[in-house]
Structure formats: C-alpha cells, structure tokens
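Computed from heavy atoms alone, side chains included, the values below leave out hydrogens, waters and symmetry copies.
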Amino acid sequence: MADEVVDLEVARQKMRQWRDEPLRNSEEVTELGECLILEHGNKLGDELWTIYEQVFLASIDCRKMDLATMCLRELKTQFPNSIRVEKLNAMRLEAFEKYEDAEKIYEKILEAEPANALVRKRLVAILKAQNRIPEAVKELNEYLKKFMSDQEAWTELSELYISQQEHEKAKFCMEELILVNPHNHLFHQRYAEILYTIGKNENMEKARKYFAQALKLDNNNMRALFGFFMASAHLANSSKDSKVKKVNSKYAGWAAAQINERYQNANQSQEDDNLGELENMLESLQLALPQNIPSQ
C-alpha cells in the first residue's frame, strides 16, 4: 500500500509538471494518464477531471481515438452543459475530419463567448486543414484585430503568407513579432530568411544584419550562422562597390570558419560533404578566414 501511494503521487506530480511546462510528450501523457485514471481514479478527487482533459488532448495528438472518446464521454457525463467540454467535442470531430460539424459547435460557442480566443484559433485550424488558406488568412487577420499581442497567431499568419508567396506581408508579421519580443533570436532569424528570399542587395544587407542579431542573441543558432554566411557571400559576389565586396568577403570568411570549426567539433557523419561544399564556395569567392568576428 505504501508503494502504491508513492507511485500515485509521483505520477500525479509528473502529470502536473507536463501540464505546467507544457511539453509535447503526448505518448507519455496517454500512457501514464490512462494508468492513473483506470487504477487510481477514485483517489484523484477533482483533479481526475483535469487529467481526463489532459489525456483527451494527448490522445487526439496520438490518434488514440478510443481513449479520447472514453475521456470525452466521462467529461460530458460530469459536465453536461460545459462550453469547455463542447470545445473538446469539436476537436474530436476535427480529428475525424468532420469539419462542418466542428465548425457549427465553434460558432455556437462564439455566440455565447465572443472573446473566446482558443475557439477562434480552432476555426483557423479547420480552414487550414481543408487547405482553404485565403479564408484562413482572412480569419486570422480578424482574430489579430482583437488579440494583437498573440505571438503564436502572428507566427502562423506569417507562415500562411509564405505558403502563398506573399513575402512582403510575411515580413510585416515578423516585424510585429520583433517589436513584441525583441530578444527572441528565432524571430530575427525568420525575418532575415524572409528578407533573403525577397532578394535584392538592400534586403540582403538587412538580412545579414538580422542574421547577425540572431547570432548575438543565441550564438548556437546554426541556421542563423549559415544565413549570415549566405547573405554575406551574396553581397560579396553581387555588389559593384569594392568596399562592400571587401567587408562582406570578411564576413563570409568568418562565418565559413565558424561553420567549419563547429562541424569539426560536432564530428558529424556528413561532415566531409558539408565542408567540401563550403570550401568550394570559399574558393570561388577567394575569401580569407579572419580569426575574430568583424564588427557590424
């Protein structure tokens, strides 16, 4: 009995920790959560219903629909008039690709709770799942008029614009994100990538600076390091200004040396192929390898 109590408490603590962080470890949640529900459900008190919801969401993620249906059935029995449970029901319908039925439930919820942000985002998810991207973009823009500080929504809108080759609009979304959270290196990196994609030397120079800022915020961001190299190499090759060529050659050389060193330290299995490509690029540019990062 003592061991059972200890096991129960350890399991409860793990489930709470996973809820608080939260981690995308749906397999572990379903396994441990199902065990808690089936073996210790009568000992969990009101926390039982929170665990039911947690396991339901993880089950949807893992496509364990029998478990999800069981959890939803118990929640409906306990909370027959709950809007929160109705939202879970709609999510289950989404998983079965019954999008029209799910959308009707979400619209009904919004009649009662117009400011329900999660439900509005689920409507966007339904449109996206059906590849109705222009409609998803429109819905997400309407959402952001009401919830302007939602970083996840700005990120999603940026990705939707990129999928439609509307890079200028995607760039605007990333500018909003950088304003909201200027210390997130991933925002600077993504913004630089969009600028690089748009092209032209003016954007390329700006991209190089934002790749550099991403590196300043996180020195381990290899994607930003590669981006910094590519933007600098492009400017070194395409610019007609000899000073600009010289400066960007030094930038590209420094970045290539950093990439070379990090691949050697990491001892990657594909190291030789990657380094060979870098050496070819350096040779074509005739770049030197400075020891210290040049100032921006």
Side-chain angles (χ1 to χ4, degrees), residues 137 144 148 151 153-264 266 274-296:
V137 167
L144 282 166
M148 293 185 66
Q151 296 181 41
W154 280 113
T155 303
E156 180 64 27
L157 183 57
S158 174
E159 294 303 315
L160 289 177
Y161 278 135
I162 289 172
S163 73
Q164 300 297 294
Q165 302 296 309
E166 296 187 79
H167 293 99
E168 288 290 343
K169 292 180 180 179
K171 180 166 74 77
F172 172 80
C173 295
M174 296 312 303
E175 289 168 350
E176 289 293 316
L177 283 167
I178 290 171
L179 284 173
V180 172
N181 189 349
H183 301 296
N184 188 317
H185 68 102
L186 295 175
F187 292 163
H188 291 272
Q189 170 208 304
R190 196 65 178 130
Y191 184 56
E193 289 171 348
I194 293 169
L195 290 165
Y196 186 95
T197 302
I198 293 172
K200 298 182 180 178
N201 281 3
E202 182 180 349
N203 287 320
M204 203 64 64
E205 186 172 350
K206 197 172 181 181
R208 188 204 70 209
K209 291 179 180 179
Y210 275 88
F211 280 129
Q213 181 63 17
L215 279 171
K216 182 178 179 181
L217 293 169
D218 181 5
N219 188 48
N220 294 318
N221 188 329
M222 285 300 294
R223 187 159 173 153
L225 183 56
F226 269 105
F228 182 82
F229 169 79
M230 295 300 294
S232 300
H234 176 91
L235 289 165
N237 272 329
S238 62
S239 178
K240 297 179 181 179
D241 188 315
S242 60
K243 184 178 179 181
V244 171
K245 277 181 175 289
K246 183 178 179 180
V247 168
N248 281 284
S249 291
K250 289 182 179 180
Y251 289 153
W254 172 83
Q258 289 290 309
I259 294 167
N260 188 329
E261 180 182 341
R262 294 185 192 195
Y263 267 103
Q264 288 178 343
N274 288 319
L275 292 179
E277 292 176 10
L278 281 171
E279 288 170 0
N280 290 336
M281 285 188 280
L282 285 170
E283 185 177 348
S284 67
L285 290 166
Q286 295 182 337
L287 297 178
L289 302 180
Q291 297 301 308
N292 300 308
I293 184 169
S295 59
Q296 284 291 306

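In terms of heavy atoms, Ile162 sits closest to Ala170 at CG1-CB, 3.6 Å. Shortest non-hydrogen contact noted between Ala252 and Ser232 is N-CB, 3.6 Å. Scanning both residues, Ala255 and Phe228, for their nearest heavy atoms gives CB-CD2, 3.7 Å. The nearest pair of heavy atoms linking Asn248 to Ala236 is CB-N, 3.8 Å.
Between Lys206 and Lys200, the closest side-chain pair of non-hydrogen atoms is not below 4.5 Å. Between Leu225 and Trp254, some side-chain heavy-atom pair lies under the 4.5 Å cut-off. Looking only at side-chain heavy atoms (C-beta outward), Tyr161 and Met174 stay at 4.5 Å or farther from each other. Using a 4.5 Å heavy-atom cutoff, the side chains of Glu159 and Arg190 are in contact. Between Lys250 and Lys246 the shortest side-chain heavy-atom distance falls below 4.5 Å. When side chains are defined from C-beta on, Leu179 does not count as touching Glu175, because their heavy atoms never get closer than 4.5 Å. For the pair Asn221/Leu186, a side-chain contact is recorded, criterion being any heavy-atom separation below 4.5 Å from C-beta on.
Contacts of Ala207 classified as side chain to side chain contact (heavy atoms under 4.5 Å, CB included), with partners at least two apart in sequence or in another chain: Ala192, Leu195, Tyr196, Phe211. The salt bridge (charged side-chain N to carboxylate O under 4.0 Å, His left out) search around Glu176 returns none, not counting sequence neighbours. Shown here are the side chain to side chain donor-acceptor pair (under 3.5 Å) partners of Gln164, two or more places apart in sequence or in another chain: there are none. In this structure Ile198 satisfies the side chain to side chain contact (heavy atoms under 4.5 Å, CB included) test together with His167, Glu168, Lys171, Ile194, Asn203, sequence neighbours excluded. The side chain to side chain contact (heavy atoms under 4.5 Å, CB included) test applied to Val180 returns Gln151, not counting sequence neighbours. Residues satisfying the salt bridge (charged side-chain N to carboxylate O under 4.0 Å, His left out) criterion with Lys216, sequence neighbours excluded, are absent altogether.
Crowding of Met222 atom CE: a count of heavy atoms from other residues, nucleotides or ligands under 6.0 Å exceeding 12.
Partner of Leu177 under the side-chain contact (heavy atoms from CB on, under 4.5 Å) criterion, chosen from Trp154, Tyr191, Phe172: Trp154.
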Please assess Ile178 against Tyr210 for the test side chain to side chain contact (heavy atoms under 4.5 Å, CB included), listing each intermediate value before the final yes or no. CA-CA 11 Å; Ile178 290 171; Tyr210 275 88; 4.0 Å; yes
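Within the model, atoms CG of Leu235 and NZ of Lys245 stand 10.0 Å from one another, a figure rounded to the nearest 0.5 Å. Rounding to the nearest 0.5 angstrom, the gap separating the CD atom in Gln189 from the CZ atom in Arg223 is 5.5 Å.
Of the possible donor and acceptor atoms, one in the side chain of His188 sits under 3.5 Å from a partner among the backbone N and O of Pro182.
Side-chain atoms of Ser239 and Asn201 include no donor-acceptor pair closer than 3.5 Å.
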